[in-house]
Amino acid sequence: MNENGLVDQEQYPLRKQPPKNLVTIAWIVYVLQALSVVIGAFSGVTIANAFIFGWPSIVGVILNYVKRKEAEGTYIATHFTWQITTFWWAVALVVIVWVLSLALAFLVVGLLIPNIGYIAIAIWVVYRIVRGWLNLNDGKPMVLK
């Protein structure tokens with residue numbers, strides 16, 4: 001960020017500064033994702049399942065898709081991509097945990113896979129939300145590889 005609190009265009013070469021409403025939407029999506037984590041942590045479902053099946057995350061990913069075109073060329077576009085990627089990778093990881101659990105259910109290790117898998121997914125989701133939120137608060141784009 002430069003002295004005006006804006007993204008330094010030399011460090012982050014993007015076409016334009018995002019409108020305030022897009023920054024607010026990215027912030028709201030991080031809040032919705034975090035709410036899904038809290039719901040999962042304090043309810044009868046796992047964090048991973050609350051994240052992919054809960055209304056906060058689903059509303060958040062829909063907001064990302066609806067506003068994605070508007071954000072093109074701004075650092076907020078990288079946040080939208082980060083948030084969308086977090087959601088869909090969480091879905092894929094939960095499916096992998098389910099498949100492995102079912103495939104190995106006849107072994108004792110098959111009973112451990114859901115617990116270990118869901119804990120790993122929860123840690124990863126929390127990391128992605130926190131990292132994104134911190135970059136958003138600093139006015140920095142997400143580094144997408």
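Predicted model only: the values in this text are computed from it and were never measured.
Here the OG atom belonging to Ser36 is positioned 12.0 Å from the CZ atom belonging to Phe53, to the nearest 0.5 angstrom. A distance of 5.5 Å separates CD of Gln33 from OG1 of Thr86, quoted to the nearest 0.5 Å. Distance check, rounded to the nearest 0.5 Å: CD1 of Ile25 to NZ of Lys20 gives 13.5 Å. Between Thr85 atom OG1 and Phe80 atom CZ the span is 13.0 Å, to the nearest 0.5 Å. Atom CD1 of residue Ile62 and atom CG of residue Leu32 lie 10.5 Å apart, to the nearest 0.5 angstrom. Atom CG of Asn115 and atom OG1 of Thr46 lie 10.0 Å apart (nearest 0.5 Å).
Between Arg68 and Thr81 there is a side-chain heavy-atom pair separated by less than 4.5 Å. With contacts defined as side-chain heavy-atom distances shorter than 4.5 Å, the pair Thr74/Val23 does not qualify. Within the 4.5 Å cutoff, no side-chain heavy atoms of Ile52 are placed close to those of Ser57. Residues His79 and Asn135 are in side-chain contact: their nearest non-hydrogen atoms beyond the backbone lie under 4.5 Å apart.
No single ILVMFWY cluster, assembled from side-chain heavy atoms under 4.5 Å apart, contains both Phe87 and Ile123. Residue Val125 is grouped with residue Leu63 when hydrophobic side chains (ILVMFWY) are merged at heavy-atom distances under 4.5 angstrom, including chains of intermediate members. Clustering ILVMFWY residues whenever any of their side-chain heavy atoms sit less than 4.5 angstrom apart, transitively, puts Trp124 in the very cluster that holds Val97. Linking ILVMFWY side-chain heavy atoms closer than 4.5 Å, directly or via other members, places Ile119 and Leu104 in two distinct hydrophobic clusters. Clustering ILVMFWY residues whenever any of their side-chain heavy atoms sit less than 4.5 angstrom apart, transitively, puts Val91 in the very cluster that holds Trp55.
Nearest approach of Ala48 to Val94, heavy atoms of both residues: CB-CG2, 3.8 Å. When all heavy atoms are compared, the tightest approach of Gly60 to Val29 is O-CG2, 3.6 Å. Glu70 and Asn21 get closest at one heavy-atom pair: OE2-ND2, 3.7 Å.
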**Request:** Verify side chain to side chain contact (heavy atoms under 4.5 Å, CB included) between Ile39 and Phe51, making sure each step is shown before the conclusion.
**Result:** CA-CA 8 Å; Ile39 289 169; Phe51 186 77; over 6 Å; no

**Request:** Please lay out, stage by stage, how Ile47 and Ile121 fare under the test side chain to side chain contact (heavy atoms under 4.5 Å, CB included).
**Result:** CA-CA 8 Å; Ile47 290 173; Ile121 294 168; over 6 Å; no

**Message:** As a quick check of understanding, evaluate side chain to side chain contact (heavy atoms under 4.5 Å, CB included) for Trp133 and Val31, giving each step before the final call.
**Reply:** CA-CA 9 Å; Trp133 215 336; Val31 169; 3.5 Å; yes

**Request:** Would you sort out whether Tyr30 and Trp82 count as a side chain to side chain contact (heavy atoms under 4.5 Å, CB included), showing the intermediate values?
**Result:** CA-CA 10 Å; Tyr30 284 122; Trp82 180 264; 3.4 Å; yes

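The closest donor-acceptor contact from the side chain of Gln83 to the backbone of Ala26 lies under 3.5 Å. The main-chain N or O of Met142 is found under 3.5 Å from a side-chain atom of Thr78 such that the two form a donor-acceptor pair.
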